[in-house]
Each structure stands twice: as structure tokens, then as C-alpha cells.
Amino acid sequence: MSGQKKPWGGRFSEPTDKRVEEFTSSLHFDKRLYRYDIEGSIAHCRMLAAQGIISPEEAEKIISGLQDILQNMEKGEFSYSSDLEDIHMAIEKSLIDRIGEVGGKLHTARSRNDQISLDMRLYLRDEVKNILDLVADLQTSLVDVAKREIDTILPGYTHMRKAQPVLLAHYLLAWWEMLDRDMSRLRECGERINVMPLGSAALAGTGFPVNREYVAELLDFPKISGNSMDAVSDRDFVAEFIFDASLLMMHMSRFCEDLVIWSGEEFGFVDISDAFTTGSSIMPQKKNPDVAELIRGKTGRVYGDLMAILTVMKGLPMTYDRDLQEDKEPLFDAVDTVKACLAVLSDMTGNLKFNRSRMLESAAGGFSTATDVADYLVMKGIPFREAHGIVGRLVGYCIERQKDMKALDIEEIRLFWKDADADIYACMNVNGSVGARNITGGTAREAVLRRIEEIESRRIG
Ligand code: ARG
């Protein structure tokens, strides 16, 4: 042991190896929990006093000592001694240094096992709120751009091949929907985070006459844990959060992938503003979509965090095992990464400039309205399979002659369907194709505007 005696040092006769101290310490990363650790300790202390487990004077001393420490930490004036195991020990030791032995009473009826669970839950419930706000900002950016681009046509793709024309606004709102599911997942996860574990102590609960409901009330928890063994073992909420973060990252990554492709020379559908791109150190002409690429790349990193927590948890015996200390770095990394990506993507999205004429021109090509022509034949009484065949042959004929379908004269069309009328040309038009899909969830302007209205009324309500 380097220098001082450990708080748990009673049964030890030999000091801890310096390397073991370094190896086991989590202080360098769990110090970010300090605010929550102190908040939890203050509530615990108030409860101890209210229950007569410690005296009101003792509680007062402890609480003002903790508030002192908090102030020091907020100002960056706290010196974290490297031989302390974790944030709980750092705070407890400093408390005893400041107020004397009475500081040692704070840990009555508590273990670091239920304490760390509490800290993690307090921390994560705050961060979930922050992340929900950031997701809402990204959704707002998408809706704003959708409104601005309500008349812009985009070729829609399947298999990365031109499929059917859609409204750009419809495309943008597809991301809104994905983010909406992310929000609901995160909110639900928030409910499972929001459970107060103190009172579970090391694993068996405490014999002191604590009042868990009072602690929950002080810390604004709607629920307390129902089993002390589960409470100190459980990190489901961490794994669940990182899973939710992974899906959210996956959605951002897919959007970014489209932006990378569309902003390239071959597509030229969108210009990512200079503020969100970077240049090449060798090729002067380059403007690279690095932000979008990094969001795509960081998605892999958050998946890694998910694999890490799942693997740490796998096969852990009941109850608390020190392995659980390895929950923090993946969690912190996932939180930091997802927040950084959301913030930068919101701003980048708001600044996108779409090349409307280029997209329209592209949407009109590639026989993107072939399905509309088939649908038109169906309306004339032809079974869909047969209509599909007729239009397929028509497309083949056009490809052979390097002609657009609209450029065929009616006699040519009649080679494939003898009853063809001039009104067949109307359904080859992209605007008509888009406008026809006026059903809930469809891409017609009216349908998209209805969805925007629903979204906006929900946001206010
Ligand atoms: N630093 C520990 C963790 O993060 C706190 C709990 C330690 N408990 C123990 N019995 N060693 O999980």
C-alpha cells in the first residue's frame, strides 16, 4: 500500500502492491460520477438522520463536508490521489480528512455495491434526458428541411438502383420516424434506469432500520428495487441503453452514408456546407464529407461498447463481481459518442443544400415510372402480372433503341398493348407518380404535409 491505510484495510497485514492499486483503480474514469455520488450520499445521510441512525448534528456535519467537496470538485480544485480505488473512496476519504471521524458514519447501512448502482442510474437518467433533447433537435432539423423541400423530387432507390420517384421531404421524414422509435426506446429504458437501489447494501440488504422510500423520494425515483441481490448484480439498464444508442447510431450512420454518396461528383444531389467538410492535404480540389464518414465510423465504436458490456456480463455469478467496474468506460464512451454525433449531425442537416434540378432529372430517368404505367394498365382491367410483363417488354424495347418511354409514339406502344391511348403518357410523369400516392404514409405532397402536421401538433402537445 502506498502510504496510507485502506478503508477496508483491517484484515490485511501486507500493503497493496502499487501495480495492483493502479490496476484496480477506476478513479481516473469514474470521477465523472462525482456529482451523483455526492447527491446520493446527501440523500442517504438525510435518511440516516431521519431514522435516528445518526444524529442530526452528525448529519449536518457530513452534509456540509460533502457540499464543500462538491464545490472543490466543480471548480476543479479537488486533488484526486492516485492510490484511491474509486470515486466513492476519494470522496469518503476527503470527507473524513475535512470533518474528522464522524465522516466515517456516512457509509452506515450502505455498500459501494449499491452505491455504484445508484450513481450509474443517476448519471444515466440525466444523460438519457440530454440525449432525448439532442434527438429532438435532429428531428426538428429534418422537419425544417422537409418543409423547405416540400416540392423537391428525389429518385427513390432499392438495391441502390433507381426505383420510384419520391418527395425529398418524404425521404427526410423517414429518418424522423426512425428517430421517433429511438426516442421511445430511450424513454422506456429511462423507466428501467429510474429505480432506486440503496438499501441493498453489499447483496443481502441492510439490518439498519433504513427508509428506502424516503431516499427514493429525496432523489426523485418513482420506484425502488425489489431484490437486493438483483439490485447489486444488475447492469441490464447499461446494456439496454447502449443497445438503444447503437440503433440510434445505426440510423445516423445510414443517413450519413446517403449523404456521402449523394454529395459525390457522380450523384451531385446535395452539397454539404464547407463548415462541415474538410479538405485534402495533397489534392487541392477535394472537399471531403469527413463528418458524415466519422459518424458512420463511430457507429462501429458504439457497437463495440455494446459487445463489451454484454461480454462483461456474460456468465457473471450472482451477485456483485468486480468485473462490473468494466461497465463504465463503454457506457461513458457510448454516451459521449452518441451526443457528439447527434449535435454535429443536426447542424449539418440544417445546412444541406440540395440540387433540385439534378435530382428531378435523375428521378425522371431510369424508367422510374414503369410501375405507374403497369398500374395504369391494371386500372384498364389488365391483371397486374400481365401488366408487369407488358411494361417490362416496353422497357426492353426502349433500352434497345436507347429511348425514353415518353419519347415512344403511340403506335410503338400499341405493339405491346393494342388498346393504348394517349392518356397513357400522363402516368409516365414523375409528379403524377408521386402525387398518386396520397395514402397515409405515402409520398404525395398532401400525405407528407399531413404527416408534418401530425408531427408538429404532437411536438407541441
Ligand atoms: N469501483 C467499483 C465499481 O465500479 C465500485 C464498487 C466496488 N465494490 C467492491 N466491493 N469492490 O464497480
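Atoms within a ligand are numbered from 1 in the order they appear, just like the ligands themselves. Since we're looking at a predicted model, the values are computed, not measured.
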If the cut-off is 4.0 Å to any non-hydrogen atom of [X], which atoms of ligand 1 fall inside it?
X    : result
S26  : 1 (N)
Q325 : 1 (N), 2 (C), 3 (C), 4 (O), 12 (O)
D86  : 1 (N), 2 (C), 5 (C)

Short question: side chain of S94, backbone of I91 - any donor-acceptor pair under 3.5 Å? no
Under-4.0 Å salt bridge between D97 and K93: yes
Is any side-chain N of the basic residue among R35 and D126 closer than 4.0 Å to the acidic one's carboxylate O? no
Taking the six-membered ring for Trp, are Y80 and F78 closer than 6.0 Å centroid to centroid? yes
Provide, to 0.1 Å, the distance between atom 6 (C) of ligand 1 and the closest protein heavy atom, together with that atom's residue and name. Y320 OH, 3.4 Å
Nearest protein heavy atom with distance in Å, relative to atom 11 (N) of ligand 1: R112 NH2, 3.5 Å
N/O of [X] under 3.5 Å from N/O of ligand 1, yes or no?
X    : answer
H88  : no
K328 : yes
N113 : yes

Kindly assign one of parallel, tilted or perpendicular to the pair F255 and W175, based on the angle between their ring planes and the thresholds 30° and 60°. tilted
CA sep, side-chain torsions, deciding dist, call: E361, R356, salt bridge (Lys or Arg N to Asp or Glu O under 4.0 Å): CA-CA 9 Å; E361 192 189 320; R356 296 170 188 159; over 6 Å; no
Assess, by modelled atom type and distance only, whether the side chains of K162 and S362 contain a donor and an acceptor separated by less than 3.5 Å. yes
Quick look: Q115 vs ligand 1, heavy-atom contacts under 4.0 Å, and the answer is neither
